[in-house]
Amino acid sequence: MLEKTYQPAEIEPRINDEWNKADAFKSGRPERKDAKPYSIVIPPPNVTGSLHMGHALNNTLQDVLVRFERMRGRDVLWQPGMDHAGIATQMVVERQLMERQQPSRRELGREEFLRRVWEWKEESGSKIFNQLRRLGASCDWSRERFTMDEGLSRAVIKVFVDLHRKGLIYKDKRLVNWDPKFQTAISDLEVVQVEKKGSFSWVDGDPEKPFDGDALAKVLKKDPSGHMYHFRYPLAQKVPGYDAEYIIVATTRPETMLGDTGVAVHPKDERYEALIKAGAKVRLPLVGREIPIVADEYSDPEKGTGAVKITPAHDFNDFEVGKRHDLEKINVLDAFGRLTDDVPEAYRGLDRFEARKRIVADLAALGLLAKIEPTTHTVPHGDRSNDVIEPWLTDQWYVNAAELAKPAIAAVENGKTQFVPKNWEKTYFEWMRNIQPWCISRQLWWGHQIPAWYFGNPADRIFFVAENEEEAKRLAVKQFRETAGKPGAVFKTSADLDDLLASPMGLQLVRDEDVLDTWFSSALWPFSTMGWPDETTELKRYYPTSVLVTGFDIIFFWVARMMMMGLEFMDEVPFGDVYIHALVRDEKGQKMSKSKGNVIDPLALIDKYGADALRFTLAAMAAQGRDIKLAPARVEGYRNFATKLWNAARFGEMNECVRQFEFDPHKVKHTLNRWIVGETERAANAVTAGLEAYKFNEAAGAIYEFVWGVYCDWYLELIKPILAGDDEQAKVETRACTAWVLDQCLKLLHPFMPFITEELWAHMVEHGERRQSLLCLSEWPKLSGLASADADEEIGWVVNLVSEVRSVRTEMNIPAGAKIPLVISGASDATVARARAHDETIRRLARLDGISFAAVQPKGAALIVIGEATVALPLEGVIDMSAERNRLQKEIEKAEGDRNKAATWLSNEANVAKSPEHVVELNRERVTEASDRIVRLTAALKRIEA
RNA sequence: GGGCGGUUAGCUCAGUGGUAGAGCGCUUCGUUUACACCGAAGAUGUCGGGAGUUCGACCCUCUCACCGCCCACCA
């Protein structure tokens, strides 16, 4: 027996156990060895992560698809796994060390620190998997992978070595985005622009506002960014034809001026023509260095004075200008963002922001500060550290992404991979066509260490990229031997090399200390999880995957890179479809964030309403191309829906509605049953079509409407008289049919609400052959030929009649408990037959004490016009006849409105001539029907007035 | 600066070239043998403004306004 109330918290863990025990989600089930595979790789959550709303949505949608296809008989692999999340994880463990007052990362040393990280991973790293299970995720948990697993690491190394050999990975010294907080390079994508607004302003020579160093210091202390500082750079010598003794340049980052090695003006800028001709130089204030004034089109005459200071070591644009004019690159910042020894002594070791203040103040004191203006500009920040990023000159490893992007672009162009919704393809193309070299090295410890080994002193290090140290050494020896004696070679003779090899130390190589960007290993996820580089059966069977389900925020980070790597190493796209879902926001449309305090915890919602309710909510709201603003009231509403289903099942149970194995919905005889099986087919088709098209909301809506609006609201009510009656044959059929429809509901609903449906399924006994053990492995409804027009029409009439009577009862204020008679007049034989056939049902639902037929309508009755018949509720003395008159009057007006609208439309010749036939026909019918209605309603009104 | 999306009932959102929908909320009624996490009935909208295409526009085109997001730039 089912419990009286639906309690998700009691059901869900138990059902999860049953799935686990049965290994229900294992891929490659023997009985499906001939089935078509269906595969999805999970977007691997960070090992540090815990389930948030984004995960909940992402995994619900995947699970809906996976359960749907599993029920359709496919051999499903939903590949689970986690990402090692370089920076995030290293941060977490470092913080933990600090909290426990243990030695720091650097004190521990690399090996010991990594041991601690692994320890941490074993202890707390799988939290999110348990949370995903609570959500109902039907991953093949036996295949869990981790990006730092031995196997996946092997894939990473192989990819790196291969790409390097092909020249697609290279080492380069150029500007990178440097995160001074973590002392690592990060990729362009990991930089977020934060807007800064200044407020302070001052102009040299303004008598109202003499320069006040303290005031400025105060402003700068609050936030040193947000201001444009204009400096005078004195010319090294007077230049004929140029009046001033200085040139004014502007910057938002004054501290970088210490690294200026040039000033650029536009070649066509007449103001500076003389300076260029003379090859003039400026003397860099505070430093004293003479730096050239160069002509470069980079400088924009419209901006400021048209002269721009050039700091090649600390600005991406300046770097390019510097290259063109062979300007010196002077690094004035160290890894922590402090000033180096390459600046005047007074500033050495200062923090960059402290230096900024000092430099502005010092230049002002020298009379070289011309102006400070408040400005709004964006400042690059690290997405993890939230620290201001510095363009910094270092050696890093890069992927030639532009080359790898070519086939990845083509694959989407020719439809091998399709984005859903399609408009995301534009975003993808836009980025891919302008892709920049991808900086993949990170100065961290937690991650895949770069497989490059160095020889020699740091200044002129020679490196060898190989899968392991032995291989690297072999490469080294080979190269040294081949180049021995040649100009610039490491060894003058082969004998020198032999001596080294024979020495006790032998050939010493040092491995690159850097690790790879986390996304580098993520990019291999679709094939590395399946065993690549080995040629595994999984790879053969499940690659390419069927679909990738992910949020738009990682199209660049992840989707694009998987496309590139998949095509490069598998010669095949990693997925056929990419379903891009929205972001989950709060009720007001704001991004959820801890700092805003508007985070809705999916686990709290699961505790309160059950995982099924949360899942259904997310699926129902996942309309394509829109963000989801989550209102918790929706979750409650869908919990109520689950309860409704629960109670419908209880109703069936109480009425001995037992599913019959032999039951064939095509063979039902009773009109009600013929009607409901047709409706079931319609619902099943709608759900199937919705899921096939990734229209989760439509699929969810279709089953919701069917279960509640059709099955519960009407079918179960309509059959009560049969179940309570004594027509045994009808009873037997109806019981079986009720059970069958519920069965279909459970199946159609299972992808969305797996727990409650599995639970109810287990409770439903079946007569005849033993059912399969689990709903999640049962067959998806594939229904056809069940619709019957006559049953639809007949039940439609009953529903219409009952609704109308109920409506009139309420409007006429007839007490809900009062049973009243009903008299039908002017009815066709068919209508009479229908009324008789459903006599008891109609009486029950409309709360009538009898239905009779008469040639003329009784006096003093409320009248309803349905089709050709007039239905009277004789209530003289009970109801207020003037109210009834008003009601009828309103009905007539409404009908007249309908008729006029259609008639007017028809009277326009253009309408009739140019519209398709069915539209014209529709309007003709409207006129006829409305006119008919008006005639009958008017007659009814006359009777009352008479 | 480039691009994308949004603007529909009090709220959160669906929707289609052929007379506007759901959930929640609201009003009234209800102890009908599944369900008050329920049932019945009801109220509520110049579908952001303007122009155009069309026999017909909430839907297509253009334009304006406002909101949001992404990318780029920022001396």
Side-chain angles (χ1 to χ4, degrees), chain A residues 2 4-6 193 228-231 248-253 263-264 298-300 303-310 315 317-318 375-379 423-424 426-427 430-431 434 552-553 555-556 582-583 585 587-591 609 613 617 620-621 623 625-634 636-655 697-698 701 704-705 709 712-713 716-717 720 724 802-803 806-811 813-817 819 844-845 847 897-898 901-902 905 908-916 918-920 922-923 926:
Chain A
L2 285 166
K4 184 158 163 45
T5 45
Y6 158 61
Q193 303 294 338
M228 186 72 73
Y229 304 89
H230 300 253
F231 299 139
I248 292 182
V249 294
T251 181
T252 55
R253 294 160 58 210
V263 169
Y298 165 65
S299 78
D300 180 352
K303 278 186 187 165
T305 58
V308 55
K309 69 194 252 328
I310 300 298
D315 182 283
N317 288 310
D318 292 6
T375 178
T376 301
H377 65 137
T378 54
V379 181
N423 54 325
W424 287 110
K426 199 162 176 174
T427 306
E430 183 64 25
W431 189 71
N434 297 299
F552 61 81
D553 49 333
I555 291 178
F556 306 145
L583 239 53
R585 299 171 180 279
E587 255 175 296
K588 292 174 193 130
Q590 299 198 312
K591 213 167 172 170
Y609 301 115
T617 307
M621 299 191 74
R626 249 181 110 131
D627 283 347
I628 296 179
K629 290 185 203 151
L630 189 72
R634 289 293 286 258
E636 186 180 352
Y638 291 121
R639 188 276 316 266
N640 296 350
F641 173 58
T643 304
K644 188 77 183 174
L645 178 74
W646 183 266
N647 283 307
R650 283 181 64 223
F651 175 83
E653 193 181 55
M654 286 171 187
N655 286 284
N697 59 320
E698 288 181 17
Y704 180 94
E705 169 55 25
C712 291
D713 283 352
L716 294 186
E717 293 302 326
K720 279 176 183 173
V802 169
S803 301
R806 282 170 172 173
S807 178
V808 170
R809 290 181 63 117
T810 304
E811 268 184 81
N813 291 316
I814 295 164
K819 296 212 169 182
R844 184 193 178 97
L845 296 189
R847 303 200 59 71
D898 288 350
K901 210 166 185 176
W905 188 90
N908 184 340
E909 279 176 36
N911 280 342
V912 180
K914 299 196 178 179
S915 298
H918 73 272
V919 175
V920 178
L922 189 71
N923 278 286
R926 277 179 191 150

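By convention in this document, chain letters (A, B, ...) are assigned in the order of the sequence lines, proteins followed by strands, and residues within each chain are numbered from 1.
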Establish, with yes or no, whether the OP1 or OP2 oxygen of [N] is under 4.0 angstrom from a side-chain nitrogen or oxygen of [X].
X         : N       : value
Lys720(A) : rA34(B) : yes
Lys426(A) : rC4(B)  : yes
Ser807(A) : rG42(B) : yes
Lys819(A) : rU32(B) : no
Lys303(A) : rA75(B) : no
Arg634(A) : rC13(B) : no
Asn640(A) : rC38(B) : yes

Under 4.0 Å between any heavy atoms, over every strand shown, what does [X] touch: base, sugar-phosphate, or nothing? Just pick one.
X         : answer
Val919(A) : base
Asp300(A) : base
Trp646(A) : nothing
Pro916(A) : base
Lys901(A) : base
Thr810(A) : sugar-phosphate

For this session: For Phe641(A), enumerate each residue passing the ring-ring contact (aromatic ring centres under 6.0 Å, His included) test, keeping only those at least two apart in sequence or located in another chain.
Result: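 Counting only residues at least two positions away or on another chain, Phe641(A) forms a ring-ring contact (aromatic ring centres under 6.0 Å, His included) with Phe616(A), Tyr704(A).
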Problem set entry | Main-chain N/O of Ser803(A) paired to Ser807(A) side chain as donor or acceptor, under 3.5 Å |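 Side chain of Ser807(A) to backbone of Ser803(A): no pair is present.
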Exercise. Any sub-3.5 Å donor-acceptor pair from Thr378(A)'s side-chain atoms to Gln193(A)'s backbone N or O?
Worked result: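 Not a single qualifying donor-acceptor pair exists.
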Atom [atom1] of [X] and atom [atom2] of [N]: how far apart are they, to the nearest Å?
X         : N       : atom1 : atom2 : answer
Lys4(A)   : rA34(B) : NZ    : P     : 10 Å
Asp713(A) : rU32(B) : CG    : P     : 17 Å
His377(A) : rG1(B)  : NE2   : C1'   : 18 Å

Exercise. rU19(B), rA40(B), rC55(B): which one has an atom nearest the side-chain heavy atoms of Lys914(A)?
Worked result: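 Comparing rU19(B), rA40(B), rC55(B) against the side chain of Lys914(A), the answer is rC55(B).
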Exercise. Closest to the Tyr704(A) side chain: rA34(B), rG23(B), rU12(B)?
Worked result: rG23(B)
For this session: Identify the nucleotide, in any strand shown, that forms a Watson-Crick or G-U wobble pair with rU61(B), with both distances under 3.5 Å; if there is none, say none.
Result: rA51(B)
Exercise. Can you find a donor-acceptor N/O pair under 3.5 angstrom joining the side chain of Glu717(A) to the base of rA34(B)?
Worked result: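 Answer yes: a donor N or O sits under 3.5 Å from an acceptor.
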Exercise. Side chain of Thr378(A), base of rC73(B): donor and acceptor closer than 3.5 Å?
Worked result: yes
